[in-house]
Every structure is written in C-alpha cells, then in structure tokens.
A.B. asks: 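Here it is: the structure, laid out below.
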Amino acid sequence: MPAKTTLDDDRAVPAEAVTPLIRGVMVLRRLTEAGGTLSASGLERSTGLARSTVDRIASTLARMGYVRLDGRDVVLAPRVMELGNAYLAALGLPALLASHADALADALDESVSLAVADRDGIRFIHQATRRRAMSLSFRIGDRLPAERTAPGPLFATEWTDAQWRAWHERRAADPQDRGFPAVPPREHTSPDEDDEDFARRAERAGKDGWALDDQLIEPGLVAVSVPVRDPRAGGRIACVANVVSHTSRHTAAHLRDTLLPRLRTAVAEMERELREAPEPQPGPAPSGLATWTGASKQELGREFVESLARGLTVLTAFGAGRAELTLTDVARATGLSRATARRALITYEHLGLVRQSGTRGFALTPRVLSLGFPPLSRTSLAQIATPHLAELADRVHESASLAVLTPSGEEIQYTARAATTRVMSVNVTVGTRLPAYATSLGRVLLADLPPGERKLDASGAALRPLTPRTITDPSTLTAALEDVRAHGYALVDEELEEGLRSVAVPVRDRTGRVVAAVNVAMHAARRTVEECVREVLPELVETAGRVEEDLGVAGRFARVSVE
C-alpha cells in the first residue's frame, strides 16, 4: 500500500515540502484520532507507511517527549500539548475569556464552551464542564461539523461563496461525517434537505444574533450559542460562547428563554475584555532547538529523523505576542536556517496548519490542535505521573507513589503508584488513605500550607502514636514541618510502621503551589537514612521535576485533575 502524502485530500504536494514532516504530522493525527494510543502495526495500517518509517518517526517523537513507547504501543505524552499551546497562546482568547466562561458555567450549573471556526467546522478552544453522570464529552481541540452545532450557523454568516462551496463539497463527499471522529456518524442522511436547513439556520442566526442546537449531534443534547465579536477586528466573530445541556434539564426552547439572556450578558463582558485588553507582550521564544536536534541526530543516528524534529520546532516559535511571524522571525526563534524554516512553513501551509497573514507573515490555524491535544486535554495528574513513577521504581528498585492531601487536610490519599518486584515490599494501593502527620508524603503536603491551615490538634489528641517513633507533640511536628519546608523534602523513619522508611518531595503546579507529593518507601534494612538522602533523594527530585514539566505543559490551557 503506497504511503499517503496528504492528510485529507488529493492536492499535489509542493515540491519544497518536507516529506518526513508530512508523515510525522500524519502519525500524530492518527494517534489523536485513536484516543492517544496505537500499536506500531496499527499506525502502519492507518497511515500506509512502511513499518521501518513508523518506527523511526516514533523514535524521533519519543526523543522529543511527544510520545512514549510502551511495549508495542506508541502513546501520546503531555509534552506534545506544547504544539496546541503555541496556537492557543498566539490566539490569546483562552487567556482573556476562559475565566468568564468558567464563571458562567458555575452560575448556570451547565457546561460552557468557547469555539472558533475551523474551515467548514468548529473547534473548541475552552471547555468548562459540569461533573454529572450524563455530561459533555467534547474536549479542547475536538472538531465538529458546523451544520450539527449551535456555533456553526453563526460562523457561517461570515462565510464567503468559496467557503460555502467547500462545505457543500465536503457534505457530498462525507454525508455521514466520518471525517469528524468526535461526533457519532449520521445514521440517516438527506444531504439536500440538511443543506437547505443549515442555510436557513445561518440566515436566521445572522438576523437573531444567536443560534440553537436542538439535538443535532445526538438525541438529548441541546445548546445555545452567541458570537463574541472582536471590536479591534471590525466586529468580526472572534469565537462563539456556547451553553450545552441535556433535555432532561432543558428543552432547546427553554434553554433559549431562560439561559440566553445570561449568556448574552457574559458575552458582553467578554467583548469588553477584548476591547480593553492591552496588546500582549511577546514571551520568550524557544532557544537552542536547532543545536538540540543536531545533537540528537548525532547520538541516535538514522533512528532520529532530524527534518521531522526541526519542522515541529517551527510550530513552537509562535505564542503569546507572537501570533504572526515572518520567515525571518521563525528562523531567528528556532535557530534554523531560513531555507529550513521556509520549507517547514510551506509544508504546514499545505497541511492547513499555517496560513499566510498579511504580505510577509504566517499564523497558526486551529488545526494545530489536532496534533495530540484532545486526548490529553482531560488528563489527570495521576496519568501524567505514572510513567515517571515506573521509571523511578526501576532505577531505585523500590516502590514509588504519588499522593494528594484529602479535603479534610488530615489524611493523604494515594492516586498513583509503581510497585517493584521484591519478596518484601510496601503494600499500598491507589485509593489508600493514611494519616498525613506520620507519612513523608503528608509532611511535604502539610509543610506547604500556612501554619493556620494545618490540621494539627493543639491538645495532641489527634496525633496518635502509631509506633514508638511517631511524633505526637504538636510543637515538635510543627518544627519538623518547617524543616521540611526549608529543605524541600521529608524523610520519615519508622513513624507510620516499624521497619518502614520513606522519603518524599513536593510536586508543584505552574503557580508554584504544591498539589501533590511523590515518595519512595522501603524496608529500613535496605537503606540507611544517609543512603536515602544520598541515593534516593536526587532521583526523587529529578522525577518530581519531570512530572512538573509535564503538568506545566498540560495545565497551561486545560484543567488537570489532581484527584
């Protein structure tokens, strides 16, 4: 089966396009469509590429931290979200409007999303969902057909004749919407009637200034949308705010009558935010990327596809305050030659990931979000940490765990764990709760809290002696927590259980707040306290740093669950 050189169509590939980059993008797209995991043989079948090519691409993406190789499977890793982050940062809308969408979702107790136009579809750039048994399953980065959504008719009010023709062609070629993995396929289609209905909905949306989705995607799902117009762009639609519910809570008409006024008020606030926001200041551009790719090629040889790695770094040149870049800007930011940067941009323009902006500039398109973002946009800290804990356990030959403080502040709860194979090992499972004061994980978490928020009973009644070594005096424990805060780690020696020794370090989010802790626990006979500090602590610190890096990337525009 010959390898494909395009993603969705049969347009001729430009002569200067970078074929390995096209193939690498295809692999990331197929992994995304598969939910984040595919075997190498599955990638071979879905892309039509030779197995050796798939292996080289996977090896390169793994070196970049974009995937990890788990046995026979290729798995998307949080680091790949930096590509989507580049688009979202350059767009600027999530940073300005997400808090308004979140506040509206809290006020209405309904899911609220922000969507942008993506050719003849819409793509979500923010989701504020409600936790219910029956809740919204769409993710940041998911693309939906315009005609089956509430935002779609609003965007269609600004379509050109060429865009309407492209939409008709897509509908004729894909009447069941098989090209939109995020939505269920149409079971019964009548393209002519559906197309006429959508045209009428778009015309009405233009007159009303809002639009409804009455179970167009699937039975029970209803939504109402209002456009958010950018005053600085002549009043064109910047994005659409969308309130989604279920018919068990609202009919479409009831949604319009009861929630539309509050949605309009929120949109007015969003438009005020856009009007008054200062011009974004450019953040630091990536540096040393060309040098890194060269060193990786020298180390890994033919298993590292340098042209793919260099091409992907071009996307990361964009960001906040860097929404439009010239060829010179891209070359300067990445350290690549102008010729290399130019070929990458030509390739991306062909793939629909970059568009020309003005006379000399380039800008990212929403399609960049199709490169791994949706499956990872609802990840958890436990999912992020688990592979790093497994690597730590392999290196130190002891069990490693991640835990968070429970809402009461009195216990820790294990949320991720990697066990080691030993005759005698620490037997703790995910979900286990233990008293915070007597564990290394708990002390790291307690140490980050202001003294007044630490749940330490001044009478000492809450501090039960679990072993003869357990600290039960509140003032002594407070001093121990201050020591943990000062040194950045906690070592607890046989205070929870006789013979059990453990050392823990904090995991911080993007703001520097401690959200979890990681530890290594062992039998006291295997390592002395000094050996724990000398041999295990540096490995723990390194692991926590890797978890924090992934958490920082994943949590920039998506909400990462720490529970």
Side-chain angles (χ1 to χ4, degrees), residues 32 78-106 111-118 121-130 136 138-144 149 151 154-155 182 225-233 236-244 263 266-283 315-324 353 363-379 509-511 551-561:
T32 304
R79 179 73 178 273
V80 75
M81 294 177 75
E82 72 179 11
L83 303 178
N85 285 346
Y87 164 73
L88 293 173
L91 182 66
L93 296 178
L96 291 173
L97 308 183
S99 61
H100 295 281
D102 294 345
L104 181 62
D106 290 339
S111 295
V112 174
S113 57
L114 299 177
V116 294
D118 187 356
I122 71 160
R123 201 178 290 270
F124 293 110
I125 59 169
H126 182 72
Q127 290 282 3
T129 57
R130 302 293 88 187
L136 185 69
F138 296 128
R139 307 156 301 183
I140 298 174
D142 276 336
R143 181 170 175 260
L144 279 59
T149 69
L154 293 165
F155 287 122
S225 291
V226 172
V228 181
R229 299 185 180 276
D230 189 348
R232 299 174 300 183
R236 292 183 62 83
I237 298 174
C239 66
V240 167
N242 189 46
V243 177
V244 184
L263 174 57
V267 165
E269 284 298 305
M270 294 181 189
E271 292 177 342
R272 180 190 60 78
E273 189 82 54
L274 292 179
R275 183 170 55 252
E276 297 177 359
E279 287 296 322
Q281 296 300 310
L315 296 178
T316 65
F318 296 84
R322 302 195 306 277
E324 297 182 3
L353 297 165
L364 301 182
T365 73
R367 203 175 193 185
V368 174
L369 291 172
S370 69
L371 305 183
F373 208 95
L376 296 169
S377 66
R378 287 190 177 173
T379 192
D509 64 12
R510 291 177 57 85
T511 68
L551 178 60
V553 174
R556 186 173 181 187
F557 294 106
R559 185 173 288 114
V560 177
S561 169

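We count residues from 1, following the sequence as given.
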A.B. asks: Any donor-acceptor pair under 3.5 Å linking the side chain of Gln127 with the backbone of Ile140?
C.D. replies: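 Checking the backbone N and O of Ile140 against the side chain of Gln127, no donor-acceptor pair under 3.5 Å is found.
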A.B. asks: Nearest 0.5 Å, please: how far is CZ in Phe318 from CG in Leu91?
C.D. replies: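 It is 13.5 Å, given to the nearest 0.5 Å.
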A.B. asks: Evaluate side chain to side chain contact (heavy atoms under 4.5 Å, CB included) for Tyr87 paired with Leu315, printing each intermediate quantity in order.
C.D. replies: CA-CA 8 Å; Tyr87 164 73; Leu315 296 178; over 6 Å; no
A.B. asks: Do any N or O atoms from the side chain of Arg123 and from the backbone of Pro366 form a donor-acceptor pair under 3.5 angstrom?
C.D. replies: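 Yes.
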A.B. asks: Between Val267 and Ala241, which heavy-atom pair has the shortest distance, and what is it?
C.D. replies: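 Looks like CG2-CB, 3.9 Å.
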A.B. asks: Does some side-chain heavy atom of Arg139 sit less than 4.5 Å from a side-chain heavy atom of Pro375?
C.D. replies: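 Answer yes - side chains close enough.
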A.B. asks: Can a donor-acceptor pair be found, under 3.5 Å and without considering hydrogens, that links the side chain of Asn85 to the backbone of Val553?
C.D. replies: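 Yes; at least one donor-acceptor contact below 3.5 Å.
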A.B. asks: Is it the case that the side chain of Arg367 and the backbone of Asp118 share a donor-acceptor pair, with hydrogens and angles ignored and the cut-off at 3.5 Å?
C.D. replies: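 Between the backbone of Asp118 and the side chain of Arg367 there is no qualifying donor-acceptor contact (under 3.5 Å).
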A.B. asks: Could you tell me whether the side chain of Ser225 and the main chain of Asn242 form a donor-acceptor pair under 3.5 Å?
C.D. replies: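 It does not hold such a pair.
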A.B. asks: Indicate the atoms forming the closest heavy-atom contact of Leu364 with Ala86, along with that distance.
C.D. replies: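 Looks like CD1-C, 3.9 Å.
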A.B. asks: So, for Ser113 and Phe124, which heavy atoms are closest and what is the spacing to 0.1 Å?
C.D. replies: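 Scanning both residues completely, I find the closest heavy atoms to be OG-CE2, 3.4 Å.
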A.B. asks: What's the verdict on side chain to side chain contact (heavy atoms under 4.5 Å, CB included) for Val560 and Thr379, showing C-alpha distance, side-chain angles and the deciding distance?
C.D. replies: CA-CA 6 Å; Val560 177; Thr379 192; 4.3 Å; yes
A.B. asks: What is the distance from atom OG1 of Thr149 to atom CZ of Arg143, rounded to the nearest 0.5 Å?
C.D. replies: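 Going from OG1 on Thr149 over to CZ on Arg143, the span is 11.0 Å.
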A.B. asks: What distance do Leu371 atom CG and Met81 atom CE have between them, rounded to the nearest 0.5 Å?
C.D. replies: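 With rounding to 0.5 Å, CG (Leu371) is 12.5 Å from CE (Met81).
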A.B. asks: For Pro282 and Gly321, work out which heavy atoms get closest and say how close.
C.D. replies: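 Heavy atoms of Pro282 and Gly321 come nearest at CG-O, 3.6 Å.
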A.B. asks: Measure from the side-chain N and O atoms of Arg322 to the backbone N and O of Ala317, and report whether any donor-acceptor pair falls under 3.5 Å.
C.D. replies: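 Judged by distance alone, yes, a pair lies under 3.5 Å.
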A.B. asks: What's the spacing between Asp230 CG and Ile237 CD1 if we round to 0.5 Å?
C.D. replies: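 Interatomic distance, Asp230 CG to Ile237 CD1, rounded to 0.5 Å: 11.5 Å.
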A.B. asks: Is there a side chain to side chain contact (heavy atoms under 4.5 Å, CB included) between Arg556 and Leu88 once you walk through the steps?
C.D. replies: CA-CA 10 Å; Arg556 186 173 181 187; Leu88 293 173; over 6 Å; no
A.B. asks: Okay, side chain of Thr32, backbone of Ser370: is any donor-acceptor separation there less than 3.5 Å?
C.D. replies: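 A pair under 3.5 Å: yes.
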A.B. asks: Ignoring hydrogens and angles, write down the donor-acceptor pairs under 3.5 Å from the side chains of residues 93-103, residues two or more places apart or on other chains.
C.D. replies:
unit_1, atom_1, unit_2, atom_2, d
His100, NE2, Glu273, OE1, 2.8
Asp102, OD1, His126, NE2, 2.8
Asp102, OD2, Arg559, NH2, 3.3

A.B. asks: Pro151 pairs by side chain to side chain contact (heavy atoms under 4.5 Å, CB included) with which of Leu114, Ile122, Val116?
C.D. replies: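 Result: among Leu114, Ile122, Val116, Ile122 is the only option passing the side chain to side chain contact (heavy atoms under 4.5 Å, CB included) with Pro151.
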A.B. asks: Should Leu274 and Val228 be marked as a side chain to side chain contact (heavy atoms under 4.5 Å, CB included) after you check the CA-CA gap, both sets of side-chain angles, and the distance that decides it?
C.D. replies: CA-CA 9 Å; Leu274 292 179; Val228 181; 3.9 Å; yes
A.B. asks: Arg236: what forms a side chain to side chain contact (heavy atoms under 4.5 Å, CB included) with it, not counting sequence neighbours?
C.D. replies: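 With neighbours one apart ignored, the set is Glu158.
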A.B. asks: Which atom pair, heavy atoms only, marks the closest approach of Arg275 to Pro231?
C.D. replies: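 That would be CB-CG, 3.8 Å.
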A.B. asks: Which atom names give the shortest non-hydrogen contact between Ala558 and Ser377, and what distance separates them?
C.D. replies: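 Between these two residues, the closest heavy atoms are CB-O, 3.4 Å.
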